[in-house]
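Since the structure comes first, as structure tokens, the remarks are kept for the end.
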Amino acid sequence: MKNLIWVVLGFSMACNPTKKTATTAPESVKTAVESTMYANTITEAELKEHLYTYASDEFEGRETGEPGQKKAVNYLKAHYESLGIKAAQTNGNYFQNVPLEINKLPVGDISINGTDYPMGEDFLTFSKANGNYADVVYVGYGIEDGDYSDYKGLDVKGKLVLFKAGEPMNADGTYAVSGTSEKSVWSNANEAIGKRMELAAEKGAKGAFYYDSANFSRFKRRFDFMKKNDSGRMGLKDTSNEEFFGFYINSKMASTLFKDIETDHAPKVVTASLQLEIESSNEQVNSENVAAILRGSEKPEEYLIISSHLDHIGISADGQINNGADDDGSGSVALLEIAEAFKKAADAGHGPKRSVVFLHVTGEEKGLLGSRYYTDISPIFPLKNTVANLNIDMIGRIDPKREGDRNYVYLIGSDKLSTELHELSEEVNKKYGNIELDYTYNDENDPNRFYYRSDHYNFAKNNIPIIFYFNGTHDDYHRVTDTPDKINYDLLENRARLVFHTAWEVANREKRLVVDKATE
């Protein structure tokens, strides 16, 4: 995650707007005065009024797809309608439907060369799989990146593939993909699983076996928890590749499929008689993102997206409501106030040069699903025309582990893709906020992995510059005690104003941000 806590400057009220000389003042001066005027319309009182409603028991914890979440999206929609900010979609609908489903644990087994392997012991899966196969295509690490490909010369269409964790190394000890001593994303357990599965599906494989000895026990703990609690895993409904299935396997099954899997990295076809008999049933879930837009006055086909997630974790098993005031009620109401400030500016003739999209995403708590649907499946606006994403997730509290001034914010990701965005962010803070920008969690290898844990990541992986604003976790995180009375409304005001100032600069600068650190 990337968190930015900021304090807004207070000198703006000393500027009398009636004395502005728009015809003579330099553009930089006009912009400074205008942005400060409108930033100051974001107030503690209005943020508090919103949050005491949005994070109230009436909204039932805003569980994805549940009645409380429907109340939340209608609240957001009503606010944009009252402001006169139009829906982002051309059909006039503020709701972008996000098709979700709960993948129930399947039942069944796999037979390899006549030996049965039961579900939940030697292999794990979350999808149905049926069929008989005479071989498996071993593709080593299952990587294709730049000039390197484990699939080179192999036809895997309609077949099963087998790959393992890790990545190839050169004789000199460097990594083959990066060409340096630094590991690539293919060694990142959380990210590499999806990349390998997606690549196998793109190559036409019917299914894949994934061997990761270091993490199988972690997968199994999750599987056992779901089995014990009779729960399922929520995900995006796969309409493009519904028949592809993936298995997590342990060393016993991996060596049965290919006995030299630990030492042999060369792709090859392995003869093995497999019979798959696994059945599953999924439960459909209806949810939606909320998206509104202020069209740009000069560059309407370039888009700045400001985002927050609208959902939370709902009602606990004992009937207590998790209100989610900080997570992410604080970001949700901040976004409403930021939108209102932009609209007041536009109504006064100071509309943004670029279009500004206000995006409230669903399913963040279930795995960044709403933002992934927007970026990977159905973007309302072309990603190539999206200049940046400013993501707000938890900006109303103080991290109890942090020492020093309370006037801080964690920033994550501002320097990952665009040097200009990072420098702009720093300059805006010095000019308007003078908040301590704390980069403690900015390292992608930080054990908390915050960079990967909020909705900005789905934009970042598409080479869209991002900033993630975050106050850090606290004892009330994902508990029933995350309530509106514990929010620091002065900090929430300051941080929301900082995001507004940053958005204002991005939306109104002459040239779009340069992406000088793009990844493959």
Side-chain angles (χ1 to χ4, degrees), residues 54-55 58-77 87-89 91 93-107 124-129 194 197-198 201 222-223 225-246 278-291 307-317 319-324 327-329 331-332 359-380 393 453-455 457-458 478:
Y54 196 76
E58 178 187 355
F59 284 65
E60 303 173 16
R62 308 188 302 280
E63 173 74 60
T64 307
E66 295 296 323
Q69 181 256 333
K70 304 306 178 189
K71 293 178 181 178
V73 297
N74 283 314
Y75 183 87
L76 300 173
K77 173 187 175 183
Q89 298 184 106
N91 63 5
N93 192 349
Y94 288 89
F95 299 155
Q96 180 189 36
N97 292 326
V98 180
L100 303 173
E101 62 184 4
I102 297 176
N103 300 303
K104 295 292 187 178
L105 286 183
V107 294
L124 313 170
T125 189
F126 299 92
S127 57
K128 66 179 181 180
M197 293 292 182
E198 288 172 8
R222 173 61 177 163
F223 184 94
F225 174 83
M226 292 172 66
K227 184 176 181 179
K228 179 180 179 181
N229 291 276
D230 192 29
S231 62
R233 182 182 63 174
M234 186 177 291
L236 292 174
K237 184 177 181 180
D238 189 351
T239 57
S240 62
N241 195 39
E242 293 187 67
E243 296 184 350
F244 182 84
F245 44 81
I278 301 168
E279 300 296 336
S280 180
S281 60
N282 295 336
E283 178 183 329
Q284 305 304 304
V285 177
N286 295 315
S287 193
E288 46 276 310
N289 295 330
V290 179
S307 62
S308 64
H309 71 87
L310 60 90
D311 63 325
H312 193 52
I313 61 174
I315 302 174
S316 300
Q320 295 190 78
I321 296 173
N322 296 274
N323 299 113
D327 185 18
D328 185 27
S332 299
L359 179 64
H360 301 260
V361 292
T362 188
E364 190 272 354
E365 299 288 2
K366 309 301 181 183
L368 316 183
L369 302 180
S371 58
R372 181 150 63 90
Y373 182 79
Y374 183 96
T375 60
D376 296 5
I377 298 175
S378 185
I380 297 174
D393 191 354
R453 287 172 52 185
S454 191
D455 295 293
Y457 179 70
N458 284 318
H478 278 199

Can you list everything that forms a salt bridge (charged side-chain N to carboxylate O under 4.0 Å, His left out) with Glu101? Sequence neighbours excluded, please. none
Under the salt bridge (charged side-chain N to carboxylate O under 4.0 Å, His left out) rule, collect the residues that match up with Lys77, sequence neighbours excluded. none
Result for side-chain hydrogen bond (donor to acceptor under 3.5 Å, both in side chains) between Glu288 and one of His360, Gln96, Gln69 points to Gln69
In Å and rounded to the nearest 0.5 Å, what is the [atom1] to [atom2] distance from [X] to [Y]?
X: Asn286; Y: Gln284; atom1: CG; atom2: CD; answer: 8.0 Å
X: Tyr373; Y: Leu236; atom1: OH; atom2: CG; answer: 8.5 Å
X: Phe225; Y: Leu105; atom1: CZ; atom2: CG; answer: 11.0 Å

Check: Lys104 main-chain N/O paired with Ser280 side-chain donor or acceptor under 3.5 Å: yes
Under 3.5 Å: donor-acceptor pair, side chain of Arg62, backbone of Tyr54: yes
Going by heavy atoms in the side chains, are [X] and [Y] under 4.5 Å from each other?
X: Asp327; Y: Glu365; result: yes
X: Thr125; Y: Ile278; result: yes
X: Asn289; Y: Leu359; result: yes
X: Gln89; Y: Tyr94; result: no
X: Asp328; Y: Leu310; result: no
X: Met226; Y: Phe126; result: yes
X: Phe95; Y: Leu76; result: no
X: Val285; Y: Ile102; result: yes

Salt bridge or not for Glu63 and Lys366, using N-O below 4.0 Å? yes
Answer yes when Glu60 and Lys71 have at least one side-chain N-carboxylate O distance shorter than 4.0 Å, and no when they do not. yes
Tell me whether the rings of Phe59 and Tyr75 are parallel (<30°), tilted (30 to 60°) or perpendicular (>60°). perpendicular
Considering non-hydrogen atoms only, spot the tightest contact between [X] and [Y] and give its length.
X: Gly61; Y: Ile321; result: N-CG2, 3.6 Å
X: Asp455; Y: Leu368; result: OD1-CA, 3.7 Å
X: Ala88; Y: Ile380; result: O-CG2, 3.8 Å

Show, in sequence, the C-alpha distance, side-chain angles and deciding distance for Ser127 and Asn103, and conclude whether the side chain to side chain donor-acceptor pair (under 3.5 Å) test is met. CA-CA 7 Å; Ser127 57; Asn103 300 303; over 6 Å; no
Are [X] and [Y] close enough that a side-chain donor and a side-chain acceptor fall under 3.5 Å?
X: Asn458; Y: Ser371; answer: yes
X: Ser308; Y: Asp393; answer: no
X: His312; Y: Asn323; answer: no
X: Thr64; Y: Asp311; answer: yes

